[in-house]
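Read through the structure below, which is laid out as structure tokens, and then see the notes.
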Amino acid sequence: MRIVVPGRVETHILSGMTERMHFEHNIVGGDFTRAGYASSQVKKALKTLDVDMAIIKRTVVATYEAEVNVVAHACNGMMIVDIDGSTIQVVIQDEGPGIEDVEQAMVEGFSTASSEVREMGFGAGMGLSNMKKNADSLHIESEPGKGTKVEILMALDGREEVRSKK
Amino acid sequence: MKVKEIVRILDARILCGEDMQEYTVEKAFASDLMSDVLMLADDNVLLITGLVNMQTIRTAEMSDILCVVLARNKKASREMIDLARDGGIILIECRYSVYQTCGLLYREGLKPIF
Amino acid sequence: MTVGDIVQALELTVYCGKKGLERRVTGGYVSDLLSDVMGHADTGQVWVTLQTHKNVMAIASLKDLAAVILVTGHKPDENTAHQSEEEAIPVLGTHMSAFDVTGKLYELINK
Ligand SMILES: Nc1ncnc2c1ncn2[C@@H]1O[C@H](COP(=O)(O)OP(=O)(O)OP(=O)(O)O)[C@@H](O)[C@H]1O
Ligand SMILES: [Mg+2]
């Protein structure tokens, strides 16, 4: 079966076997009208696969926070989604300023958001802790001056433990 | 509280989801910061906000929030309404401030999340 | 009604700015967008928000607001506390959410 994800030219289905899905989306830094498009596609895809609603919500809240972070804090990014029978892996990577101190950034309330970003409804410094709360596993790698890579892993079978498949 | 009661209490305008007015929200939450909204784990939540942009709708979509009241007499754009309709979200515009909107709905018995 | 009356009725924590508890309250304003508060809040209103950073006090003072209520357990940062004392505008706190505390505030003011 080939699963076609509704979407625009950014959507590439690279493999489409049963219960296996791979797709990628561009994320444009600074473009708040488009932020959330990639996560919306993830939500639609997970619905077609009949994934549990609670898992869908936790997944897309985490990916959306990561997507908005690229829009708010970085220049250009990419969301790469892999779904197989047991796990959802979402990697959000960007070219941007990176995060100087990831541990500090994870603290609830810490934010370097500009006043423009605050007026868009973001910048409370809650995104990363929210991602941590919702993801079964969260990995953040960041190189100051270069960019950031966020990996979100979700177990489909209710297991909370998932291992990074790097 | 049913959506149609909310519309009556706030003397508000439904922008999309007119056919879902029998839908019942259990609790309300008021915020203009979307990460604050994205923290919620509850179902059947009414979101009251003065933030009126595409991310308001995206946030509702991701959090499974089915009813959003846009306060402060702000006008939703055509793109916002289309996105809300696409996501099965009931979008309501009202002329009151967030303060008054909360006050009126609370007085009529709508419960807070916490 | 004064800020002190509201503190008592809603069991709020007074973090700082005690000198301002005698301020008269005319109403409330609920917003987390600073420019919105700049544009639309009125003198004597109590501002309900979860924003804690230092610009909050600058705006409260410019708009001559009666007090700031921080919701869901948020606490003022050091800078905010300092300015609150200087301006004699109390910063109050509650564990209630914005909808909850606003509902109660509205009932109190419109009794
Ligand atoms: N992709 C990124 N690139 C550069 N910096 C980032 C990135 N993601 C997060 N950060 C940094 O980490 C901080 C905390 O991020 P977090 O998502 O928790 O809060 P926020 O985005 O500032 O506000 P909120 O998510 O509540 O809207 C940001 O303010 C920013 O300094
Ligand atoms: Mg964020």
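Throughout, protein chains are lettered first and strands after them, A, B, ... in sequence-line order, and every chain is numbered starting at 1.
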Q | Test side chain to side chain donor-acceptor pair (under 3.5 Å) applied to A:Thr33 and B:Glu79, step by step | A | CA-CA 9 Å; A:Thr33 59; B:Glu79 289 75 24; over 6 Å; no
Q. Does the side chain to side chain contact (heavy atoms under 4.5 Å, CB included) test come out yes or no for B:Gln55 and A:Val71, once each step is laid out?
A. CA-CA 12 Å; B:Gln55 298 317 308; A:Val71 174; over 6 Å; no
**Q.** Test log, rule side chain to side chain contact (heavy atoms under 4.5 Å, CB included), inputs B:Met62 and A:Glu65
**A.** CA-CA 10 Å; B:Met62 301 310 157; A:Glu65 288 282 16; over 6 Å; no
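B:Arg58 places a side-chain heavy atom less than 4.5 Å from the side chain of A:Tyr37.
With a 4.5 Å cut-off on non-hydrogen atoms, B:Leu33 touches chain A through its backbone and its side chain both. For a residue to count as touching a neighbouring chain, one of its non-hydrogen atoms must lie under 4.5 Å from one of that chain's; by this rule B:Met54 touches chain A with the side chain only. When heavy atoms are compared at a cutoff of 4.5 Å, A:Lys43 approaches chain B solely by way of its side chain, counted from C-beta outward. For B:Ser77, no part lies near chain A; criterion is any non-hydrogen pair under 4.5 Å. With a 4.5 Å cut-off on non-hydrogen atoms, A:Phe122 touches chain B through its backbone and its side chain both. Heavy atoms of A:Glu108 lying under 4.5 Å from chain B belong exclusively to its side chain.
The residue among A:Gly125, A:Gly127, A:Ser40, A:Ser39 with the most heavy atom pairs within less than 4.5 Å of chain B is A:Ser40.
The environment of NZ in A:Lys133 is crowded: more than 12 heavy-atom neighbours from other residues, nucleotides or ligands sit within 6.0 Å. Counting heavy atoms of neighbouring residues, nucleotides and ligands inside a 6.0 Å radius, atom CD of A:Glu103 does not exceed 12 of them. The number of heavy atoms from other shown groups lying within 6.0 Å of CD (B:Glu18) is above 12. When the shell of 6.0 Å around NZ of B:Lys74 is examined, it contains more than 12 heavy atoms from other residues, nucleotides or ligands.
Atom OG of B:Ser35 is separated from atom CG of A:Leu128 by 9.0 Å, given to the nearest 0.5 angstrom.
A:Tyr64 and B:Thr59 form a side-chain donor-acceptor contact under 3.5 Å, judged by distance and modelled atom types alone.
A salt bridge is absent between A:Arg118 and B:Asp32: the closest approach of a Lys/Arg side-chain nitrogen to an acidic carboxylate oxygen does not fall below 4.0 angstrom.
At least one donor-acceptor pair under 3.5 Å links the side chain of A:Asn130 to the backbone N or O of B:Leu38.
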